[in-house]
Amino acid sequence: MPPTMRCSFFRVALIALLLVALLQLLYLSLLSNLHGQLHRSAYPVPVGASHSGSQVQKEHLRAATVGGILDSSGQYWIYRNLLPHEKGNWKDLDVALASHASINNLGHLQDLVQHWDGRISLALFASSAMQSKLAIKLMYALSQLCPHVRQRVSFHLACKSSFRVTIPDLEELSEFATLPTCEAVFSKAADMGHKVVNYAGNASYPNNLLRNVARAGIGSAAYVLVVDIDMVPSEGLRSGFVNLATGGVDPQMVFVVPAFEIRHTRRLPNAKEELMRLYQVGEVRAFYEELCPRCQAPTNYSYWINLPEKKPGAKLGVAYVVEWRDPWEPFYIGSADVPAYDERFKQYGFNRISQACELNMAGFSFAVLDSAFLLHKGHKLPGDFHSQKDAENRRNRQLFRGFKEELKLRYPESLRHC
């Protein structure tokens, strides 16, 4: 073969080898990109959430579930700060809100976040392994898609001791986080909640345990307001109380927030003037007015309603101080170190009365705020309760009698009684 032909052959062979090498590199690059796309499709990061932030939350969930502890009775696992809120410029002289719920009521968090502009500590209860997985998926989706939830809400979980909580795999964890909006997640939570029955089955709802877990999760806030998940506070309650407390308040005083029930919730009143207009036409009434008027009577609604009208922009203040009497169970703002709720009270009856009774025995005073209020969504009716309510109430009444005897030993110098 002539030299020129051999040179041409080697040149063609070299070019062919280079083309093959380039094609292989191109193939590997395309394969890598395809793998990444498939991975992101299987484990998507929601719009508005970064990959790093999403991964941090998943790792935090894993660590928190490993760190679960049993409650004092040994009946419940407690998982604190499964998903804590983001760090913010929160001050110690502040009021945090603590609440509790089972899965069927998680949708109420939407109104609570809209009406409370501070930190919220929420303790959820799951009565089965399936419910615990559902709770974690909803927490994760809300934290990813709802900025106000991510910034201000810390989630905790309690469940039966018969099972341990496990974190769903990445694909299952992201199930609800792929929904398009925060509103869609809350709608999904409400829809899923219809399939879960509260206060039913073989799992006692540990309301006081949950209240204590939520209270312990408020961070550095000096004061806490403990409410049920289906209640909303009036506008400006947090800032108004902080202004009041800035001038100094008695550490042995709790500040009662009068509670009402509103029939329809299309539009919730923000100010006392709006509340009074609805009260006059029967749309709003005193909390527990039909079920247990005595349970809220010391609030003295008639006096509170007829207080002189305050000028626009007037500061929140104390209207009057009242003595506690059985069976008053007020909602109040108190310091973070007030006596804990007795966790032996479960299901229906005496769970909040017992704690109010201890406040009284411990020497606390009850000051009623003049223009702040709480709204329970819906009028409470006798037919709304589960079938075991009366039996649970009888059991807790017996427990309460023993509890009052214990308080006499706990506070032997107290001149007060329950």
Trainee: Would you mind reporting whether Leu375 and Met231 have side-chain heavy atoms less than 4.5 Å apart?
Mentor: no
Trainee: Would you find more than 12 non-hydrogen atoms of other residues, nucleotides or ligands less than 6.0 Å from Ile69 atom CD1?
Mentor: yes
Trainee: Counting C-beta onward and ignoring hydrogens, is there a side-chain heavy-atom pair between Lys272 and Leu307 closer than 4.5 Å?
Mentor: yes
Trainee: Going by heavy atoms in the side chains, are Leu374 and Ser234 under 4.5 Å from each other?
Mentor: no
Trainee: For residues Arg285 and Tyr301, is any side-chain donor paired with an opposing acceptor at under 3.5 Å?
Mentor: no
Trainee: Please tell me if the side chains of Phe155 and Val149 come closer than 4.5 Å, counting only heavy atoms from C-beta onward.
Mentor: yes
Trainee: Would you verify whether the NZ or CZ of Arg401 falls within 45 degrees of the ring axis of Phe350 while also being under 6.0 Å from that six-membered ring's centre?
Mentor: no
Trainee: Are Arg395 and Glu392 ion-paired here, with the side-chain N under 4.0 Å from a carboxylate O?
Mentor: no
Trainee: Quickly, which of Phe287, Phe331, Trp304 forms a ring-ring contact (aromatic ring centres under 6.0 Å, His included) with Phe260? Name it, please.
Mentor: Trp304
Trainee: Under a 3.5 Å threshold, yes or no: a donor from one side chain and an acceptor from the other, between Gln296 and Glu289?
Mentor: no
Trainee: With distance as the sole test, does Asp92 use its side chain to make a donor-acceptor pair with the main-chain N or O of Ala221 at under 3.5 Å?
Mentor: no
Trainee: Testing Glu283, Lys377, His379 for side chain to side chain donor-acceptor pair (under 3.5 Å) with His264, which one passes?
Mentor: Glu283
Trainee: Report yes if the distance between the aromatic ring centroids of Tyr205 and His100 is under 6.0 Å, otherwise no.
Mentor: yes
Trainee: With a cut-off of under 6.0 Å to the ring centre and 45° to the axis, is Arg416 in cation-pi contact with Trp324?
Mentor: no
Trainee: Without hydrogens or angle criteria, can the side chains of Asn360 and Arg325 be said to hold a donor-acceptor pair below 3.5 Å?
Mentor: no
Trainee: I'd like to know whether CD of Gln252 has more than 12 heavy-atom contacts from other residues, nucleotides or ligands below 6.0 angstrom.
Mentor: yes
Trainee: Just say parallel, tilted or perpendicular for the rings of Tyr223 and Phe241, cut-offs at 30° and 60°.
Mentor: perpendicular
Trainee: State, yes or no, whether a side-chain contact exists between Tyr348 and Asn396 at a heavy-atom distance under 4.5 Å.
Mentor: no
Trainee: Taking all atoms of both residues into account, what is the closest heavy-atom pair of Ser132 and Ala129, and its distance?
Mentor: OG-O, 2.7 Å
Trainee: When you measure from the side chain of Asp370 to the backbone of Gly317, do you find a donor-acceptor pair of N or O atoms at a distance under 3.5 Å?
Mentor: yes
Trainee: Would a distance-only check, ignoring hydrogens and angles, find a side-chain to backbone donor-acceptor pair under 3.5 Å from Asn306 to Ser302?
Mentor: yes
Trainee: In a check of side chain to side chain contact (heavy atoms under 4.5 Å, CB included) between Trp116 and each of Leu237, Val153, Asp111, Val227, which one passes?
Mentor: Leu237
Trainee: Just by distance, no angles: are the side chains of Asp342 and Gln355 close enough, under 3.5 Å, to form a donor-acceptor pair?
Mentor: no
Trainee: Which is it for Leu209 and Ile78 under the side chain to side chain contact (heavy atoms under 4.5 Å, CB included) test, yes or no, and what are the steps along the way?
Mentor: CA-CA 9 Å; Leu209 169 65; Ile78 302 170; 3.7 Å; yes
Trainee: Check whether any side-chain heavy atom of Thr246 sits under 4.5 Å from a side-chain heavy atom of Leu93, and report yes or no.
Mentor: yes
Trainee: Please check if any side-chain donor atom of His376 sits under 3.5 Å from a side-chain acceptor atom of Asp228, or the reverse.
Mentor: no
Trainee: Main chain of Pro168, side chain of Glu172: is a donor-acceptor contact present, judged purely on distance under 3.5 Å?
Mentor: no
Trainee: Is the Trp328-Phe366 ring centre distance short of 6.0 angstrom?
Mentor: yes
Trainee: Would you say that Pro251 contacts Ser335 through its side chain, given a criterion of any heavy-atom pair below 4.5 Å between the two side chains?
Mentor: no
Trainee: Within the side chain of Ser161, is there an N or O that forms a donor-acceptor pair under 3.5 Å with the backbone of Trp77?
Mentor: no
Trainee: Output the distance between atom CG (Leu316) and atom CZ (Phe255), rounded to the nearest 0.5 Å.
Mentor: 9.5 Å
Trainee: Please confirm whether the ring centroid of Tyr140 lies under 6.0 Å from the ring centroid of Phe176.
Mentor: no
Trainee: Apply side chain to side chain contact (heavy atoms under 4.5 Å, CB included) to the pair Leu145 and Arg150, showing each step before the final yes or no.
Mentor: CA-CA 8 Å; Leu145 288 171; Arg150 183 169 62 251; over 6 Å; no
Trainee: Among Glu406, Glu358, His417, exactly one meets side chain to side chain donor-acceptor pair (under 3.5 Å) together with Tyr411. Which residue is that?
Mentor: Glu358
Trainee: Quick one: closest heavy-atom pair of Arg352 and Pro330, and the distance?
Mentor: NH1-O, 3.6 Å
Trainee: Looking at every non-hydrogen atom in both residues, tell me the closest pair between Ser220 and Arg119 and how far apart they are.
Mentor: OG-NH1, 3.4 Å
Trainee: Could you check whether Arg294 pairs with Asp326 (Lys NZ or Arg NE/NH1/NH2 to Asp/Glu carboxylate O, under 4.0 Å)?
Mentor: no
Trainee: Where do Arg238 and Asp94 land on the salt bridge (charged side-chain N to carboxylate O under 4.0 Å, His left out) test, with the steps shown first?
Mentor: CA-CA 8 Å; Arg238 172 176 165 258; Asp94 194 9; 2.8 Å; yes
Trainee: Do any N or O atoms from the side chain of Ser154 and from the backbone of Pro84 form a donor-acceptor pair under 3.5 angstrom?
Mentor: no
Trainee: Does the salt bridge (charged side-chain N to carboxylate O under 4.0 Å, His left out) test come out yes or no for Glu343 and Arg211, once each step is laid out?
Mentor: CA-CA 9 Å; Glu343 296 174 4; Arg211 289 183 176 111; over 6 Å; no
Trainee: Checking the side chain of Ser174 only, and the main-chain atoms of Ala177 only, is there a donor and an acceptor separated by less than 3.5 Å?
Mentor: no
Trainee: For the pair Glu175 and Lys137, evaluate salt bridge (charged side-chain N to carboxylate O under 4.0 Å, His left out) and give the outcome as yes or no after the intermediate values.
Mentor: CA-CA 7 Å; Glu175 178 183 353; Lys137 289 191 292 184; 2.7 Å; yes
Trainee: Restricting to non-hydrogen atoms, name the atom on Gly334 and the atom on Val254 that form the minimum distance, rounded to 0.1 Å.
Mentor: CA-CG1, 4.2 Å
Trainee: Between Asp337 and Arg215 (salt bridge meaning N to carboxylate O under 4.0 Å), is one present in this structure?
Mentor: no
Trainee: Minimum heavy-atom separation for Ser204 to Tyr76, with atom names?
Mentor: O-OH, 2.9 Å
Trainee: Using modelled atom types only, decide if a donor and an acceptor are shared between the side chain of Ser121 and the backbone of Ala98 within a distance under 3.5 Å.
Mentor: no
Trainee: Is it true that a side-chain atom of Asn208 and a backbone atom of Asn351 form a donor plus acceptor pair closer than 3.5 Å?
Mentor: yes
Trainee: May I ask you to check whether over 12 heavy atoms, not counting those of Glu323, lie within 6.0 Å of atom CD?
Mentor: no
Trainee: Work out which heavy atom in Leu291 is nearest to a heavy atom in Lys380; give both atom names and the distance.
Mentor: CD1-CB, 3.6 Å
Trainee: Could you check whether atom CE of Met276 has more than 12 heavy atoms from other residues, nucleotides or ligands sitting under 6.0 Å from it?
Mentor: yes
Trainee: Could you walk me through whether Leu268 and Val232 pass side chain to side chain contact (heavy atoms under 4.5 Å, CB included), step by step?
Mentor: CA-CA 9 Å; Leu268 300 175; Val232 292; 3.6 Å; yes
Trainee: Could you walk me through whether Glu261 and Tyr288 satisfy the side chain to side chain contact (heavy atoms under 4.5 Å, CB included) test, starting with their C-alpha distance in whole Å, then the side-chain angles of each, then the deciding distance to 0.1 Å, before giving a yes or no?
Mentor: CA-CA 8 Å; Glu261 302 170 359; Tyr288 258 43; 4.2 Å; yes
Trainee: Does atom OH (Tyr320) have a neighbourhood of more than 12 heavy atoms from anything else shown, all under 6.0 Å?
Mentor: yes
Trainee: I'd like to know if the side chain of Arg152 and the backbone of Gly118 have a donor-acceptor N/O pair within less than 3.5 Å.
Mentor: yes
